[in-house]
Every structure is written in structure tokens, then in C-alpha cells.
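Right, one structure below, let's go through it.
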Amino acid sequence: MLAVKGILLQVLLAGITPLLFFLFLGRLGTEFQEMKKVSSSVQIQRSLLLSCLITLCLCFLFSSVLLDKIYLNLSLIPVTLSILYGSYPIGILVSIISMLAFSFISDYWTEPAIFLGSGALLYPIMLLFVKYFKKASLSSKKKIFTMIWFAYTIPCYGIVLWKYNNLERTEQIEYALYSSLYIFSSLLVFLAAIHLMEKILVYHSFAAELEIRWKEYRHQLDMNEHLLNTVPVSVVAFDIEGNIVNANTRMLTQMKTKEFMPNSPEEMIGRRIEAIIGIEHGLRVTERIRSASQTGEITSEYLRVGTNTYFTTISPVKNPISGRMIGSSMVLQDITELEKLRNELAHVERLGVVGQMAASITHEVRNPMAVVRGFLQLLREKSPRSLDHYYHIVMDELDRANSIINDFLSLAQNHASEKEEVHLHHIIKELTPLLLADANMRGQTIEVTLDDDIPSKFVDPKEIKQLILNLARNGMEAMGNKGTLIISTALDEGDVRLSVSDSGQGIPLETQNKLFEPFFTTKSEGTGLGLSLCQGIAERHNAIIRIESEEGIGTTFHVIFKN
């Protein structure tokens with residue numbers, strides 16, 4: 001019974017090599033992955049070396065001698081595993097350590113013990129078969145090792161039995177029985193260890209591959225999230241019940257309202273779309289979401305939220321494997337700027353119509369009006385003086401109509417400006433006497449404040465004069481019979497700013513947005529073309545016109561010439 005216990009102890013000690021290898025591979029693999037300094041193959045080699053050395057020490061520590069002839073020490077198993085599954089340096093290193101340990105620790109020096117315990121003959125044979133062993137299948141590996149094991153152990157124990165042929169029959173049977181048990185149990189442990197090592201390596205390979213795929217998946221997921229957050233549209237996903245399950249950051253910034261101010265897209269998850277865009281528009285969107293999730297219908301509609309306009313497209317989302325509907329997605333494209341561009345395009349089209357009208361009026365109306373005015377002057381000379389008042393009214397109206405025609409022509413003209421380097425102050429000083437005379441007739445005053453630091457500009461003097469005259473006369477008309485008109489210049493962050501301020505009643509905000517539209521006027525006798533002409537002149541000189549107005553205080557028009 002003690003003999004069986006000794007054999008089982010060595011079997012158990014040697015058999016823990018694959019288990020230690022599995023534990024160390026997982027533990028060291030995790031640490032090395034965190035350190036990000038070693039590859040998977042290095043992890044395997046280090047784990048194998050550590051587990052084999054520990055098992056080797058345990059086998060030598062609990063080694064014993066059976067029947068004074070059988071040396072119970074299965075250190076051959078960890079050494080052989082290090083040779084078969086490790087690199088050549090590791091296999092040779094562990095082999096040398098094993099033989100040195102046998103030399104210094106063991107005091108059992110018989111011929112079989114030297115060969116069996118030290119592995120002096122087995123290790124070189126294993127080193128020769130390593131290359132073929134690693135390429136073979138699992139079953140072939142077991143067959144190869146079985147043949148090598150029997151070819152190595154049976155002759156060794158046979159030599160012992162032949163050497164001690166003077167033993168009694170009972171002792172010979174007992175020796176043969178225990179040696180056979182030791183050989184076969186060792187073989188079973190070897191085969192089990194090989195089987196476990198193969199499974200562990202396959203598992204590790206799968207784990208490494210899984211980790212690579214997981215990193216690729218995470219990278220792809222991060223890339224998709226980054227792409228989703230950088231696209232210039234808002235994207236939001238819904239489940240089958242219409243609850244938000246995901247949204248990009250642009251959706252977060254565009255959908256912020258006074259009632260709903262989320263700080264992250266996660267705060268929108270689980271909510272209904274009505275909680276974000278309001279009940280008024282949310283019910284219609286919810287109906288479209290339900291339709292997309294149930295019938296697969298794709299719908300596109302315009303959506304107005306506050307002052308912004310969105311073009312929305314709602315599409316169904318299907319499971320890529322089963323094809324079943326799992327929800328829907330909505331893409332919102334902010335087209336507020338596009339709507340402004342459309343309005344500006346309409347403005348340009350209206351200007352084109354005005355140009356065509358002006359050309360027609362020039363040829364079809366101006367000449368007949370000149371003829372009519374000439375005959376009126378002739379009739380006036382032959383008519384009694386009592387009718388002069390009526391002729392005066394008719395001729396004034398003809399002159400007013402002719403002025404409107406001239407405005408049409410100015411608005412329709414598309415010729416290149418004849419620019420030259422002129423100081424803006426020279427133009428203002430030339431116009432000042434004319435403006436002072438007009439202001440005196442109205443009982444108004446004019447103040448001119450000029451900044452000496454502004455540089456000369458390449459402008460068309462005639463057009464700039466017309467611009468200043470139009471703005472100044474608009475200001476005078478807005479002030480009535482009294483008030484002060486201020487004309488000033490200044491540098492504004494490198495740009496030249498020309499300002500015309502009046503002390504009139506101011507312009508309401510809703511009216512300011514329409515001031516530059518052709519034909520829009522607040523005057524009873526205005527044509528609505530003066531500010532349109534000013535805007536055209538400003539655009540041709542790379543300038544913009546800004547309005548500052550407060551009701552009851554006055555209005556200032558800023559013409560900013562870009563540097």
C-alpha cells in the first residue's frame with residue numbers, strides 16, 4: 001500500500017504541471033497585457049518555464065525509492081513538457097536543471113536510476129523529435145510519445161530485472177508488478193498532460209484571437225461613434241416602442257430648449273421625442289416612427305422647432321440576421337441657413353425682375369413721358385396764368401415718375417465700378433455743403449465726426465456719394481422738422497466704419513428685416529428702392545450694412561468696409 005501511495009503521489013505532483021501552466025498563463029497574460037510589453041508567445045514560454053520548474057522541485061522534494069530498486073521521481077514529465085512545448089533554450093535549461101538536481105539531491109545511484117531518474121537518455125531523444133512533434137496532430141503526438149516511452153522505460157526496467165536475477169520468485173513478481181504500474185501510470189499522466197497542454201494552447205489561441213477581435217470591435221465601435229458624432233446632421237435611434245435608444249452629440253446641441261437641457265446624449269435615452277421637440281411636432285414624428293417600425297415606410301418631412309427648420313428622414317431599422325424590425329432612426333438636417341439662402345436667392349430673382357422692368361420702362365415709358373412733358377410746357381405757354389397751378393402739379397408728377405425710373409435703372413445696372421484710391425473724408429466733405437443746405441431747410445442740424453487714422457480705400461466715388469446721400473436723406477426724413485444727423489467714421493478692428501445716425505423714432509425689429517427688400521417702404525411717397533441701391537453699392541465695395549435702432553431714440557446705419 002505504501003508503494004501505491006508513493007506512485008500516486010508522484011503522479012499527482014507531476015500531473016499538476018498543465019494546471020499550473022493554465023493558471024500562470026492566465027495570470028501572467030493579464031499582467032503582461034496591462035504592461036503591453038510582451039507578445040502572446042512570450043507569455044506562453046514564461047508560464048511554461050515557471051510551471052515546469054515548480055513541478056520539478058516538488059517531484060524531487062517528495063521522491064522516494066520503492067523496493068530498494070525503483071526510484072519514484074516523475075520529474076521527467078515537467079522536463080519533457082518543457083522540451084516538447086517550449087523553445088529550445090527553455091527545454092535545454094530545464095533539462096540541465098533536472099540533471100543537476102538529480103546529481104546533488106539524489107543518493108540513489110544505480111544504472112536504471114541514472115537513466116530513468118535523470119533522463120540522461122530521454123531528453124536528447126525528445127529534442128530530436130520536437131520539430132516533428134509540434135507539427136503532428138494530437139492523436140499522432142500521443143502515439144509518438146507512447147512509442148518513445150515504452151522504448152525507453154521497458155528496456156531500463158528490464159535491465160534491472162536481469163541484473164537482479166538472483167531475486168526470489170515473489171520479489172521478481174512484485175518488482176515487475178510495481179514497475180509496470182509505475183510505467184503505465186506515468187504514461188497515463190504524460191498522455192493526460194499532453195492532452196491538457198494542447199487544449200490549453202488551443203484555448204489560449206482562441207482567447208488571444210477573441211481579444212484581438214474584441215479590440216477590433218471596440219476600435220470599430222469607437223470609430224463609428226466618432227463618425228456619428230462628426231457628421232453634420234443630427235441622428236437619433238428609437239426602439240420598436242418609440243423610445244430613444246441612442247443619439248449623437250449634434251442632436252444634443254440642436255435639440256436643447258428651455259424645457260429640456262441635456263448635458264449628454266445618455267440623458268436622452270429612454271425619453272420620447274415629444275419631451276425634446278414638444279407635443280405640437282412630437283405627435284406627428286411619433287406617428288412616423290411607429291409607421292417606420294411597423295410597416296418599414298421611409299418618410300421625409302420638414303420640421304420647424306423654434307426658429308430653426310429641419311429636414312427629417314425617418315427610416316426603419318432591421319435586425320441584420322433575422323430581418324425583423326427592431327426600431328427606427330431619424331436624421332435631422334438643419335436647413336435654417338439654406339432657407340436664408342433661398343430667401344436671398346428669391347431676393348436676387350426679384351432684383352432680376354426689377355432689372356427687366358427697368359429696361360422695359362426705360363424704352364417704353366421714358367420717351368413718351370418726355371414727349372408729354374414737352375407738349376405740356378408748350379400748352380402751358382399758351383394757356384392762361386390761372387391754369388399754371390395745375391400744369392405745375394402735372395409736371396411735378398411726371399418728374400417724380402422719371403425719378404422712379406432713374407432708381408429702377410440704378411438698381412438694374414450691373415456694370416463694373418470704376419474704383420480709384422480715394423479718402424472717404426474727401427467724399428464726405430464734398431457732400432457736407434449739400435447736406436447742410438438740405439438740413440437747414442428742414443430745421444435740422446448735422447454733425448460730422450471723422451477719425452484721422454482711417455486709410456484711403458479703392459472705391460467708386462460716385463457710388464459712395466450716392467450711398468451717403470441716400471442714408472443721410474433717409475435719416476433726415478425720419479427725424480421730421482428737427483433733430484440732429486451725425487455722420488462719423490472710425491476704425492473697427494482694422495475695418496473702416498462709416499456711420500450715419502439720426503434722432504428719429506427708430507425702426508421696429510420686424511421692420512428692420514425687410515428694409516433692404518425692393519419696393520418695401522414705410523414712407524407714403526417712397527419707392528422702396530433707396531436702401532436696395534445702398535446694399536448693392538456696399539456689396540460691390542466688399543462692405544456690409546448693419547442697423548442699430550431703438551424705438552424713441554433713433555437709428556444708426558453702419559457701413560463697414562472690410563480690410
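Considering CE of M476 and CG of L469, their distance stands at 9.0 Å, rounded to 0.5 Å. In this structure, CD on Q333 lies 10.5 Å from OG on S300, to the nearest 0.5 angstrom. Expressed to the nearest 0.5 Å, how far OG of S328 lies from CD of Q294 amounts to 10.5 Å. Distance OG/S329 to CG/N246: 11.0 Å, rounded to 0.5 Å. Here the CZ atom belonging to R288 is positioned 9.0 Å from the CD atom belonging to E297, to the nearest 0.5 angstrom. Rounding to the nearest 0.5 Å gives a distance of 7.5 Å between OG of S501 and CG of L485.
More than 12 non-hydrogen atoms from other residues, nucleotides or ligands lie less than 6.0 angstrom from CD of E216. Open room surrounds CD on Q505; 12 or fewer heavy atoms of other groups in view lie less than 6.0 Å from it. Atom NZ of K134 is surrounded by more than 12 heavy atoms from other residues, nucleotides or ligands within 6.0 Å. Sparse packing is recorded around CZ of R546, with 12 or fewer heavy atoms of other residues, nucleotides or ligands lying under 6.0 Å away.
The aromatic ring centroids of Y85 and F21 lie 6.0 Å or more from each other.
Put simply, the side chain of R342 reaches to within 4.5 Å of the side chain of L338, judged on heavy atoms. By the 4.5 Å heavy-atom criterion applied to side chains, R218 and W214 are counted as neighbours. Within the 4.5 Å cutoff, no side-chain heavy atoms of H219 are placed close to those of K215. In this structure, I326 and K318 have side chains that are not in contact, with every pair of non-hydrogen atoms separated by 4.5 Å or more. When side chains are defined from C-beta on, F311 does not count as touching D334, because their heavy atoms never get closer than 4.5 Å. Within the 4.5 Å cutoff, side-chain heavy atoms of Q43 are placed close to those of H204. Contact of the L533 side chain with the N470 side chain is registered, since non-hydrogen atoms from C-beta on lie closer than 4.5 Å. Looking at F238 and V245, their side chains never come closer than 4.5 Å, going by heavy atoms from C-beta outward.
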Can S549 and T555 be said to form a side chain to side chain donor-acceptor pair (under 3.5 Å), step by step?
CA-CA 4 Å; S549 184; T555 302; 2.8 Å; yes
Set out, in order, the CA-CA distance, both residues' side-chain angles and the distance that settles side-chain contact (heavy atoms from CB on, under 4.5 Å) for T484 and E447, then state yes or no.
CA-CA 7 Å; T484 301; E447 294 181 4; 3.9 Å; yes
Taking it one step at a time, do D460 and R540 satisfy side-chain contact (heavy atoms from CB on, under 4.5 Å)?
CA-CA 9 Å; D460 186 337; R540 288 193 290 274; over 6 Å; no
Run the side-chain contact (heavy atoms from CB on, under 4.5 Å) check on T313 and T299 step by step: do they pass?
CA-CA 6 Å; T313 301; T299 58; over 6 Å; no
Using the side-chain contact (heavy atoms from CB on, under 4.5 Å) rule, take D222 and H226 through it: C-alpha gap first, then chi angles, then the decisive distance, then the call.
CA-CA 6 Å; D222 293 340; H226 177 72; over 6 Å; no
Evaluate the criterion side chain to side chain donor-acceptor pair (under 3.5 Å) for residue pair S456 and H423; output intermediate values, then yes/no.
CA-CA 4 Å; S456 300; H423 204 287; 4.7 Å; no
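The side-chain contact (heavy atoms from CB on, under 4.5 Å) test with L424 is passed by exactly one of I464, V559, V459: I464.
S47 places no side-chain N or O within donor-acceptor distance of the main-chain N or O of I44, the cut-off being under 3.5 Å. Although no hydrogens or angles enter the test, the distance criterion places no donor-acceptor pair under 3.5 Å between the side chain of D492 and the main chain of D495. Side-chain N or O atoms of T312 include one that pairs as donor or acceptor with a backbone N or O of E301 at under 3.5 Å. Side-chain atoms of N248 come within 3.5 Å of backbone N or O of V235 as a donor-acceptor pair.
In plain terms, the two heavy atoms of M325 and A292 that are nearest each other are SD-O, 4.2 Å. Between G296 and P316, the closest heavy-atom pair is O-CG, 3.5 Å. Closest non-hydrogen pair, V496 versus L491, comes out as CG2-CD2, 4.3 Å. Nearest heavy atoms, P18 versus I200: O-CD1, 3.2 Å.
By the 30° and 60° cut-offs, the orientation of the rings of H541 relative to F561 is perpendicular.
Using a 4.0 Å cut-off between charged nitrogen and carboxylate oxygen, R290 and E287 do not count as a salt-bridge pair. Under a 4.0 Å N-O distance rule, the pair E477/R473 does not qualify as a salt bridge.
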Under 3.5 Å donor-acceptor pairs involving side-chain atoms of residues 425-437, not counting sequence neighbours:
{"residue": "H425", "atom": "NE2", "partner": "D451", "partner atom": "O", "Å": "3.4"}
{"residue": "H425", "atom": "NE2", "partner": "T489", "partner atom": "OG1", "Å": "2.9"}
{"residue": "E430", "atom": "OE1", "partner": "K465", "partner atom": "NZ", "Å": "2.8"}
{"residue": "T432", "atom": "OG1", "partner": "I428", "partner atom": "O", "Å": "2.6"}

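The salt bridge (charged side-chain N to carboxylate O under 4.0 Å, His left out) check on E198 picks up K141, with sequence neighbours excluded. Scanning for salt bridge (charged side-chain N to carboxylate O under 4.0 Å, His left out) contacts around R442 gives D438, with sequence neighbours left out.
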